[in-house]
Amino acid sequence: MVSFDMKKERTLSILKPDAVRRSITGAINKKFEDAGLSVVAQKMVHISREQAERFYAVHRERPFFRELCDYISSGPVVVQVLEGENAVAKNRDAMGATDPQKAAEGTIRKEFGISISENTVHGSDAHDTAAAEIAFFFSGCEIY
Ligand code: ATP
Ligand code: MG
């Protein structure tokens, strides 16, 4: 029988180029799993400059937009779907503040972040943006 737990939520996570380059994707996944998040889809992709601009369109007017798009398309990343109760909030708690210098002890960005640009992970910021971001990278049959 196929069952589906309605309480579970999904969110889109990206392990950014600095994470892949330093071979810390396993350590980061361990943090997510310890926080009660399951990886239900995962693949390595090299985001093109054009895809980066579409993915980050909401930040188009921000002064760091160009740097952000250059960075996320600078090398391979791991895109993944995380699932669990309150997955969006749980993932953002596990990531920590955008600026690694301001991130709380024990968070991924505190432990692994290099700078506000090379901050190791991306996570969707709300339930509706999570759905849109998951659809940007994954088709239904790619998600467990
Ligand atoms: P993310 O969306 O990556 O999960 P976030 O929600 O904490 O992170 P946003 O405000 O959505 O942060 O910014 C998106 C990304 O843009 C950040 O992860 C960071 O890499 C980059 N960024 C944000 N602020 C700055 C800044 N002042 N200078 C350079 N890069 C920045
Ligand atoms: Mg954000």
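What's counted below: heavy atoms across the whole structure, side chains too, no hydrogens, waters or symmetry copies. Whatever order the structure lists them in is the order used to number ligands and atoms, beginning at 1. Source: prediction; values computed, not measured.
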### Query
What's in the same ILVMFWY side-chain cluster as Val78, cut-off under 4.5 Å, chained through other members?
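Result for Val78 is Leu15, Val20, Ile24, Ile28, Phe32, Leu37, Val39, Met44, Leu82, Met95, Ile108, Phe112, Val121.
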
Can you figure out which of [options] has its heavy atom closest to [atom]?
atom: atom 20 (O) of ligand 1; options: Val58, Thr129, Ile116, Leu12; result: Ile116
atom: atom 4 (O) of ligand 1; options: Gly96, Gly123, Ser124; result: Gly123
atom: atom 7 (O) of ligand 1; options: Thr98, Val121, Leu68; result: Thr98

What residue and heavy atom of the protein are closest to [atom], and at what distance?
atom: atom 14 (C) of ligand 1; result: His59 NE2, 3.6 Å
atom: atom 3 (O) of ligand 1; result: His122 ND1, 3.2 Å
atom: atom 23 (C) of ligand 1; result: Phe64 CZ, 3.5 Å
atom: atom 10 (O) of ligand 1; result: Arg62 NH2, 3.9 Å

Taking 4.0 angstrom as the limit, do [X] and [Y] come out as a salt bridge?
X: Glu111; Y: Lys31; result: yes
X: Glu142; Y: Lys43; result: yes
X: Arg21; Y: Glu118; result: yes

ask   = Can Arg92 be said to touch ligand 1, with heavy atoms closer than 4.0 Å?
value = yes

Going by atom types alone, do Gln80 and Ser13 pair a side-chain donor with an acceptor below 3.5 Å? yes

[X], portion touching ligand 1 at heavy-atom distance under 4.0 Å:
X: Lys16; value: side chain
X: Asn119; value: side chain
X: Arg109; value: side chain

Pairs meeting criterion salt bridge (charged side-chain N to carboxylate O under 4.0 Å, His left out) with involvement of residues 120-130, two or more places apart
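Listed once each, the pairs would be none.
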
- Within one Ile-Leu-Val-Met-Phe-Trp-Tyr cluster: Ile72 and Ile114, side-chain cutoff 4.5 Å: no

**OP:** May I have the step-by-step check of ring pair (Phe, Tyr, Trp, His ring centres under 6.0 Å) for Phe136 and Phe55, ending in yes or no?
**Re:** CA-CA 8 Å; Phe136 187 92; Phe55 182 75; 5.5 Å; yes

